[in-house]
Each structure stands twice: as structure tokens, then as C-alpha cells.
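Here the structure is laid out as C-alpha cells; the discussion comes afterwards.
First listed ligand is number 1; within each ligand, the first listed atom is number 1. Remember, predicted model here, so these are calculated numbers, not experimental data.
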Amino acid sequence: MKTLLVSGALGQIGSELVPALRARHGADRVVATDIRAPAGEARDGPFEILDCTLPERLDAVVRRHGVGTIFHLAAQLSAVAEKNPQEAWRLNMASLTAVLDVARQHRCAVFFPSSIGAFGPSTPRQHAPQDAIQRPTTIYGITKVAGELLCDYSVARFGIDVRGLRLPGLISHATPPGGGTTDYAVDMFRHAVSDRPYVCYLERGTSLDMMYMPDAIRGIVELMEFDGAHLRHRNAFNVTAMNFAPEELATEIQKWVPGFVVHYVVDPVRQAIAESWPRSIDDSAARTEWGWRPAFDLASMTRDMLGKLGLTAASGR
Ligand code: VAH
């Protein structure tokens with residue numbers, strides 16, 4: 001029986017996708033890979049140290065494990081990418097082209113995580129449509145648009161089953177912030193549960209679409225298991241769950257941590273990145289074509305996040 005490979009398995013999405021896939025398919029059928037060795041995950045199932053920008057290395061792992069589906073998560077996120085755009089382009093594009101080439105040779109299905117960062121200032125600001133102009137002004141967004149185009153080309157030209165999601169900001173408890181623009185939300189929770197004031201690098205009023213990681217993981221799994229013959233779009237579907245500005249998240253957290261304080265010291269680079277993205281996106285295509293529905297909103301995410309980060313009052317214990 002074919003196995004599933006996750007690249008970037010130690011990252012924000014991979015840290016929760018690998019356990020979810022192993023619970024669904026069995027630990028031995030999910031091969032976790034990353035550029036660095038894991039702390040403890042190796043005991044939970046197969047792990048390979050893999051630089052997935054090297055096609056011959058990726059090909060060897062796919063052959064060794066009989067891989068049938070690749071969840072390609074390895075990439076640099078928006079803020080860290082702007083610090084070295086040449087390296088971001090190399091890593092994000094060389095890894096994706098290697099994955100698509102190996103998938104073509106071995107007839108693997110592929111999941112590709114795009115982002116609302118694939119849109120730019122000329123995209124409609126509110127409820128950005130599924131089919132909209134994509135002129136991002138960040139190197140991260142440029143790699144995501146190029147990636148979407150490469151993925152759809154691979155579907156049309158080589159008949160590979162490639163599917164993707166334009167994910168909003170993701171909030172999760174399992175890993176620390178990883179160089180994204182929306183990672184302030186993850187950091188705010190971590191400061192609140194450790195009784196530290198938080199200095200937010202985005203200014204009040206910077207509303208962005210967001211999603212709790214359990215919803216993102218379920219969306220990835222449901223999209224990849226859906227009958228592809230009925231998909232009109234593939235790379236990539238707009239999906240969202242909620243929309244908030246930093247002060248709205250702070251207010252929700254303060255309902256559980258009354259003394260929590262947030263200060264605002266704007267980082268012009270990350271503020272400019274956030275302002276280049278649409279304020280909200282329209283995910284009706286995902287809802288119509290494969291039944292996407294988020295389960296968490298701001299209030300339920302906040303309670304679950306604080307509980308998982310150890311705040312007893314929110315953990316229901
Ligand atoms: C980032 N978390 O901030 C990612 C995401 C929409 C944002 O793509 O770069």
C-alpha cells in the first residue's frame with residue numbers, strides 16, 4: 001500500500017499534519033522528512049533527513065518508502081523570505097520543481113500550500129474572489145503564484161493529481177512562531193500564558209483572515225481525499241475561517257487572562273507585507289466544490305489555544 005510523505009515535517013503545519021495523518025493511516029504509512037533531525041518524532045514513525053531541493057535525494061526516499069502522495073510543506077514564510085529574497089526563491093522554487101518532477105515520474109499526488117500572500121495590492125481588498133488578479137509584492141507571494149501556476153501546469157501537461165489551498169494566517173500551539181507575518185497571533189498567546197506583556201509588530205486595525213490549525217489540517221486532508229474528477233479549481237482554493245485585527249485577538253485573550261497587556265511597536269517591513277494582502281478572501285469555491293467548512297471561530301480558537309498552552313481555566317480541567 002502506498003505511503004504518504006510530508007516535507008517540512010517539523011514546521012508549523014507539518015508538526016500537526018504528520019500526527020493527524022499517522023492517526024488516520026497508521027504511523028508506518030507516513031514518512032516525515034525535514035532538513036534537520038527531529039527531537040522526538042522519530043519514535044512515532046518513519047523519518048528521513050531530506051533536502052527536498054535535491055531531486056535525486058527526494059527520488060531515493062520516494063522509491064525507498066513507496067510514496068504515493070507528497071504533502072510539500074517545506075518553504076520559507078513571508079517575513080523571513082524578505083530578508084534574503086534570492087535564497088527564498090531558490091528554496092521555495094527548487095523544492096517545488098523537484099517535488100513535481102519526482103511526482104511525475106512516480107505518479108504521486110501532491111498537496112501544495114499556497115497562501116493569501118499569493119494576492120497583492122491590486123487584488124480586491126474585501127472578499128478577494130477565487131479567480132482574481134495576483135500581483136503580489138513580496139518574494140514569498142511571487143513564489144506562491146509561480147507555484148500555483150507550476151502545479152496547474154503539471155495537472156494539465158502531465159496529468160499529475162496536484163491540489164492546493166490558499167491558506168490564511170495559521171494559529172497553532174505546537175511550534176513557536178516561524179518567520180511569518182501573521183505569527184504575531186501565535187506569539188501573543190504564548191506571552192499571555194507566561195504572564196508577559198506582548199509587543200505587537202502590526203498596528204491596530206490590521207485585519208487579516210486567519211484559521212486555527214485543526215481546521216487547516218482537516219481542510220488539507222478533506223481536499224486530498226475528495227474525488228478529484230469533481231474539482232473545477234485545483235491550485236489553489238481560497239479557504240478562511242475568521243478575520244481579526246491584533247487588538248481584537250488581545251481582547252478575546254483578556255477574557256481569560258485579564259491582566260494581559262499588548263503594546264504596539266510597528267515593524268514597517270511586516271506591516272507593509274500585511275497591508276499588501278487582501279483584508280479578506282471569498283472561499284465560496286472551496287465550500288461549493290468540496291464542502292469546506294471551518295469549525296473554529298475567534299472565541300472557540302482562543303479557548304482551545306489557551307488550554308493547549310497550559311492555561312488551566314481554559315483547559316476545562
Ligand atoms: C506568513 N503564515 O505569514 C504565513 C501565511 C497568510 C500568511 O502565508 O507568511
Point to revise | Check against salt bridge (Lys or Arg N to Asp or Glu O under 4.0 Å), Asp215 and Arg218 | key: CA-CA 5 Å; Asp215 273 341; Arg218 181 172 50 79; 2.8 Å; yes
**Study point:** Full working for salt bridge (Lys or Arg N to Asp or Glu O under 4.0 Å) between Arg163 and Asp161
**Key:** CA-CA 7 Å; Arg163 311 174 192 192; Asp161 181 3; 2.8 Å; yes
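For ligand 1, the protein residues within 4.0 angstrom (heavy atoms only) are Leu77, Ser78, Ser115, Ile116, Tyr140, Leu167, Pro168, Gly169, Gly180, Thr181, Thr182, Trp277.
Within a 6.0 Å sphere centred on CZ of Arg293, heavy atoms belonging to other residues, nucleotides or ligands number more than 12. The number of heavy atoms from other shown groups lying within 6.0 Å of CZ (Arg104) is above 12.
The distance from the NE2 atom of His191 to the CE atom of Met188 is 10.0 Å, given to the nearest 0.5 Å.
Note on Phe112 and Leu167: separate hydrophobic clusters, where clusters join Ile, Leu, Val, Met, Phe, Trp and Tyr whose side-chain heavy atoms are under 4.5 Å apart, directly or indirectly.
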